[in-house]
Amino acid sequence: MDLGLKNRNVIVAASSDGIARAAAEKFAAEGANLAMCSRDQTKLHAAAARIRDRYHGRVLAEAFDVTDEAAVAAFVKQVAAEFGSVDVCVINAGGPPPRMFLATTTEEWHRAVEMNFMSVIHFARAVLPGMQKNHWGRLVAITSMTVRQPVSDLIYSNAVRAGVLGLVKSLANEFGKDGVTVNNVGPGYTATERLKQLIAKRSQELGITPAEFEARLGVEAPLKRIGQPDEVADAIVWLASERASFITGQTLLVDGGWFKGL
């Protein structure tokens, strides 16, 4: 299936590792021009070099913090200048630490809002004018299945990421007339470094091995396993493609059926 992404100009934020890293590679495989960013300069440039070497496409990589509004704006401007436009923007950021509510701090709440909500605003504000002008664009936010079914010790993610749904729906309603779609992908338990950290914490608290706790996570989903980054990345790339041209304002859970609601 031709996804219509060849020569499209794509930003994938926080893409040095994990799900966003897998998405970046899949965009490159489709022939898109790729712009990557991350706080970790070493990992970012290593990932960009691997993608560039494998797919022989145009790959731009810049290290900065997505909570820095000025840095985001400068990056988007740089991408538009080098590639000619920004057609697709995949908005992603690292997840906040696991906490129960009474263990949270005001400082961590502010950080979670900056990282997981304001970063979406920064990128959207920077890329939407150009998408309006070109009458074509795709915004895809990466959040979590917690936007539909909260997880007990992920209080920051439960609360802050849910706000992204309201923003996604609002932007979809406002910019649909301009040929721009805005959607959200909510990954379930996926084999990333962040999940490894969560598993280590929870297994220690329960006095079981990490492997035993991971098996418990898999049992909770109808597919009886955790996901792989590539599986979530496929959904992201599809939502950004021509094949998803009549889908906007939606949240697509890629969770193996873990969410139990209708």
Side-chain angles (χ1 to χ4, degrees), residues 9-30 32-79 82-83 86 88-98 108 111-112 114-120 122-123 126-127 140-144 154 156-157 161 185-201 210 214 226-237 240 254:
N9 305 316
V10 179
I11 289 175
V12 184
S15 51
S16 64
D17 203 359
I19 291 168
R21 161 70 174 77
E25 180 157 351
K26 288 181 180 292
F27 279 114
E30 292 293 327
N33 301 315
L34 179 64
M36 304 169 65
C37 66
S38 170
R39 287 176 294 177
D40 190 324
Q41 180 171 325
T42 300
K43 288 178 67 175
L44 173 67
H45 286 290
R50 287 195 297 270
I51 292 173
R52 194 180 292 113
D53 290 346
R54 182 171 183 179
Y55 298 103
H56 310 291
R58 298 173 69 184
V59 182
L60 172 68
E62 292 291 337
F64 62 90
D65 191 323
V66 295
T67 66
D68 184 337
E69 182 177 9
V72 171
F75 177 63
V76 170
K77 186 176 181 179
Q78 178 185 0
V79 174
E82 184 154 331
F83 291 166
V86 175
V88 175
C89 185
V90 178
I91 309 171
N92 179 51
E108 286 184 343
R111 180 61 178 169
E114 289 292 327
M115 181 71 75
N116 299 120
F117 185 77
M118 292 305 300
S119 63
V120 183
H122 298 333
F123 272 103
V127 302
V140 182
I142 304 176
T143 57
S144 167
L154 297 183
Y156 294 124
S157 187
R161 292 190 190 276
V185 171
Y189 290 117
T190 309
T192 63
E193 286 302 315
R194 173 168 166 76
L195 183 63
K196 290 179 183 178
Q197 294 168 5
L198 292 174
I199 288 173
K201 176 181 180 294
E214 180 177 327
I226 65 173
Q228 296 299 315
D230 281 352
E231 294 176 301
V232 185
D234 283 333
I236 293 166
V237 173
V254 187

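Keep in mind that the numbers below use all heavy atoms, side chains included, and drop hydrogens, waters and symmetry copies. If you read the sequence from its start, that first residue is 1, and numbering goes on from there.
The minimum heavy-atom distance between Val237 and Ala23, with the atom names listed, is CG2-O, 4.1 Å. Summarising the geometry of Ile199 relative to Pro210, their closest heavy-atom pair is CG2-O, 3.4 Å, with the distance given to 0.1 Å. Here the shortest heavy-atom pairing between Cys37 and Ala13 reads SG-CA, 3.5 Å. Minimum interatomic distance between Thr67 and His122 (heavy atoms only, all atoms of both residues): O-NE2, 3.5 Å. Arg161 and Ala93 make their closest contact through NH2-O, 4.3 Å (heavy atoms, listed as atom of the first residue, atom of the second, distance). Of all heavy-atom pairs spanning Thr192 and Pro229, the tightest one is CG2-CG, 4.3 Å.
For the side-chain hydrogen bond (donor to acceptor under 3.5 Å, both in side chains) condition, the pairs that include at least one residue of residues 50-60, sequence neighbours left out, are Glu25-Arg54, Glu25-Tyr55.
With hydrogens and angles ignored, the 3.5 Å screen pairs no side-chain donor or acceptor of Thr190 with any backbone N or O of Pro187. The closest donor-acceptor contact from the side chain of Arg39 to the backbone of Ala14 lies at 3.5 Å or more, if one exists at all. Not one N or O on the side chain of Asn33 forms a donor-acceptor pair closer than 3.5 Å with the backbone of Val59.
Side-chain N/O atoms of Asp40 and Ser38 include no donor and acceptor closer than 3.5 Å.
With values rounded to the nearest 0.5 angstrom, Leu34 atom CG is found 7.0 Å from Phe83 atom CZ. Atoms NE2 and OG, from His45 and Ser16 in turn, are 10.5 Å apart once rounded to the nearest 0.5 Å.
Residues satisfying the salt bridge (Lys or Arg N to Asp or Glu O under 4.0 Å) criterion with Asp234, sequence neighbours excluded, are Lys26. Here Glu69 pairs with Arg125 under the salt bridge (Lys or Arg N to Asp or Glu O under 4.0 Å) rule; sequence neighbours left out.
The shortest side-chain heavy-atom distance between Asn116 and Pro96 falls under the 4.5 Å cut-off. A 4.5 Å side-chain heavy-atom check between Asn92 and Ile19 finds every atom pair outside the cut-off.
Between Phe64 and Phe75, the ring-plane angle classifies as tilted under the 30° and 60° cut-offs.
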side-chain contact (heavy atoms from CB on, under 4.5 Å) between Leu198 and Leu154, worked out: CA-CA 10 Å; Leu198 292 174; Leu154 297 183; 4.0 Å; yes

Full working for side-chain contact (heavy atoms from CB on, under 4.5 Å) between Met36 and Leu44: CA-CA 8 Å; Met36 304 169 65; Leu44 173 67; 3.7 Å; yes

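A salt bridge links Lys196 with Glu193: the distance from a Lys NZ or Arg NE/NH1/NH2 to an Asp or Glu carboxylate oxygen falls below 4.0 Å.
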